[in-house]
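First comes the structure, then the notes that go with it.
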Amino acid sequence: MLRYIHGDALHHHPDLTRAMFRDRARQFRDRLGWPVTVDDRGEERDGYDALNPLYVLWQNPDGGHGGSMRFLPTTGPVMVNDIFGHLTGGAPVISPLIWECTRFCLAPGAGPHVAAGLMLGGGEIMRNFGIRHFVGVFDARMVRIYRAIGAPPDILGSEGEGRDRVSVGLWAFSDEARARVADRAGIAPAQSQAWFDAAFGTPRAAVPA
Amino acid sequence: MVNTVQLDTILEKMEASPAPDGLQTAIVDLRDLFGVRHMVYHWVDSAGDQYGCGTYSDAWRDRYVEQNYLRIDPVIHGCYQRFHPVDWKRLDWSGKAARAFQAESVAFGLGNQGFSVPIRGPNGQFALFTVNDACDDAAWDRFIEDHSRDMILIAHYFNRKALDVEPGRQPEPAQPLSPREIDAMTMLALGYSRAQVANSLAISEHTLRVYIESARFKLGALNTTHAVARAMSRGLIVV
């Protein structure tokens, strides 16, 4: 299932949280060789984790971590502006309608439905919160994965060559794209909305006016 | 539909106003323009200092402070430390204290529907911009569908202005437009379509939309037409 959890609520899900930060270490340090910080428990964290971001996590049926990603609004500190500002057209991208998506991570052995499920979660955020775009930093190897799940980003700028190529990309999310990733993930739209409501509250009829 | 020229005039006036009074004038004008019962902007900084403006009655504001309703107000609990907009319908009003609080707020003239935009400002500052109205759920859903993005942007423009007029605070330097954003705004000002602009800048229309979106926010505008007009009047683009 998809879970939407803010940083200040991660402690309600200690096992899932530990697994997320460990899988991030496996992906970003071990597999991609990024210069990230991993603590003595094998968990990867950076300064943006301290800013109370919104995480979207795929929880496997056995309770384990299938994959995750992290969101922050571009009105505050974000990686694309702080570190990769030279790749976004010469000035920061700032709008409450544009959020940054980073640390897109898949657990070892995660099936293709997990990546698609996470993308679907991103689509729910856009649709329910009025967000128009996500921006994010990603590695050349992710391009293929994003394309395979039917949600390829537009590239704003890139640097480096080959496997070391790092890009800043952006995602919009049309209704068709949503239907496509929902299909790839094997999740009914009503199920996806129900998970979203479980995290952010189910709309109830207002008291009569 | 809301008159977008009037809307931009209100925001332009607010931005040009040097004093907190400008925020109060603007919020009353916006409330009238959108035809809702109330609009309120409220901030708390890291030192616990509060500031607010809006259309709630003095009696309700005094009652709220006197009863310290910050403690039980589900809107505060649902928005604090968050950065996504919150429809009051998604909040938990089921507790006895929350139900009594809501009934009392209605007696003081608040409507049954609400939409709040939390803002995380610099140095632990937290602010909330709220729209409140009395209508049925279908009408409210339509209002949110039509105006949620405007409300999110307006919320941030109020916060930007409030930070500027805070005593003893240096205004934040205006964010510059990037060369790409200037190119895009210039071509739009010259009357090119989005497709033509994207084509001549050799970028996708999605990418162009991000440049426009970001420029629009930096310029304090709600739509592209206003953003172009402001960029021109400030001499940021020359056509």
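Given the structure is predicted, the values throughout are model-derived calculations rather than measurements. Chain letters run A, B, ... following the sequence lines, proteins first and then strands; every chain starts at 1.
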Are the side chain of A:T88 and the backbone of A:G85 linked by a donor-acceptor contact shorter than 3.5 Å? yes
Under 3.5 Å donor-acceptor, B:H38 side chain and B:T55 backbone: yes
Considering only heavy atoms, which portion of A:D8 lies under 4.5 Å from any heavy atom of chain B: side chain, backbone, both, or neither? side chain
Among residues 192-199 of chain A, residues within the sub-4.5 Å heavy-atom range of chain B, in order of number, are A:Q193, A:F196, A:D197
Toward chain B, the part of A:W171 with a non-hydrogen atom under 4.5 Å: neither
Best-contacting candidate, B:R180, B:E145, B:H156, against chain A by heavy atom pairs under 4.5 angstrom: B:H156
I want to check a possible cation-pi pair here: A:R3 against A:Y55, using under 6.0 Å from ring centre and within 45° of the ring axis as the test. no
Verify, without hydrogens or angle tests, whether B:T207 (side chain) and B:I203 (backbone) share a donor-acceptor contact under 3.5 angstrom. no
Quick one about B:H226 and B:E12 (side-chain donor to acceptor, distance below 3.5 Å, no hydrogens or angles considered), yes or no? no
Given that the side chain runs from C-beta out, which part of B:D87 has a heavy atom under 4.5 Å from chain A: side chain, backbone, both or neither? neither
Decide if the gap between the ring center of A:H65 and the ring center of A:H13 is smaller than 6.0 angstrom. no
With distance as the sole test, does B:S214 use its side chain to make a donor-acceptor pair with the main-chain N or O of B:V210 at under 3.5 Å? no
Against chain A, label B:L177 side chain, backbone, both or neither, depending on which of its atoms sit under 4.5 Å from a heavy atom there. backbone
Find the one option among A:T74, A:V93, A:L97 whose heavy-atom pairs under 4.5 Å with chain B are most numerous. A:L97
Are B:Y64 and B:F108 an aromatic pair by the rule of ring centers under 6.0 Å? no
Whether the side chain of A:E43 engages the backbone of A:V38 through a donor-acceptor N/O pair (distance < 3.5 Å, no angle test) should be reported. no
So which residue, A:P73, A:A172, A:G76, ends up with the most heavy-atom pairs under 4.5 Å with chain B? A:P73
Do you know which of B:R120, B:R216, B:E213, B:R82 has the most heavy-atom pairs under 4.5 Å to chain A? B:R82
Side-chain donor or acceptor of B:R230 paired with backbone N/O of B:L219 under 3.5 Å: yes
Look at B:K89, B:R149, B:E181 and state which one has the largest set of heavy-atom pairs under 4.5 Å with chain A. B:R149
B:I119 versus chain A, heavy atoms under 4.5 Å apart: side chain, backbone, both or neither? neither
Heavy-atom count around B:Y192 OH within 6.0 Å, excluding the residue itself: above 12? no
With a 4.5 angstrom heavy-atom cut-off, could you sort out which part of A:I94 is near chain B: side chain, backbone, both or neither? both
Donor-acceptor contact present, side-chain A:N60 to main-chain A:G63, <3.5 Å: no
Within residues 117-125 of chain A, residues adjacent to chain B where the heavy-atom gap is under 4.5 Å: none
Donor-acceptor pair between B:Q113 and B:D137 side chains, under 3.5 angstrom: yes
Looking at B:R37, is its backbone amide N or carbonyl O close enough to the side chain of B:D133 to form a donor-acceptor pair, meaning the two atoms are under 3.5 Å apart? yes
Are the aromatic ring centres of A:W58 and A:Y4 under 6.0 angstrom apart? no
Based on non-hydrogen pairs under 4.5 Å, which of A:G7, A:P77, A:G130 is most in contact with chain B? A:G130
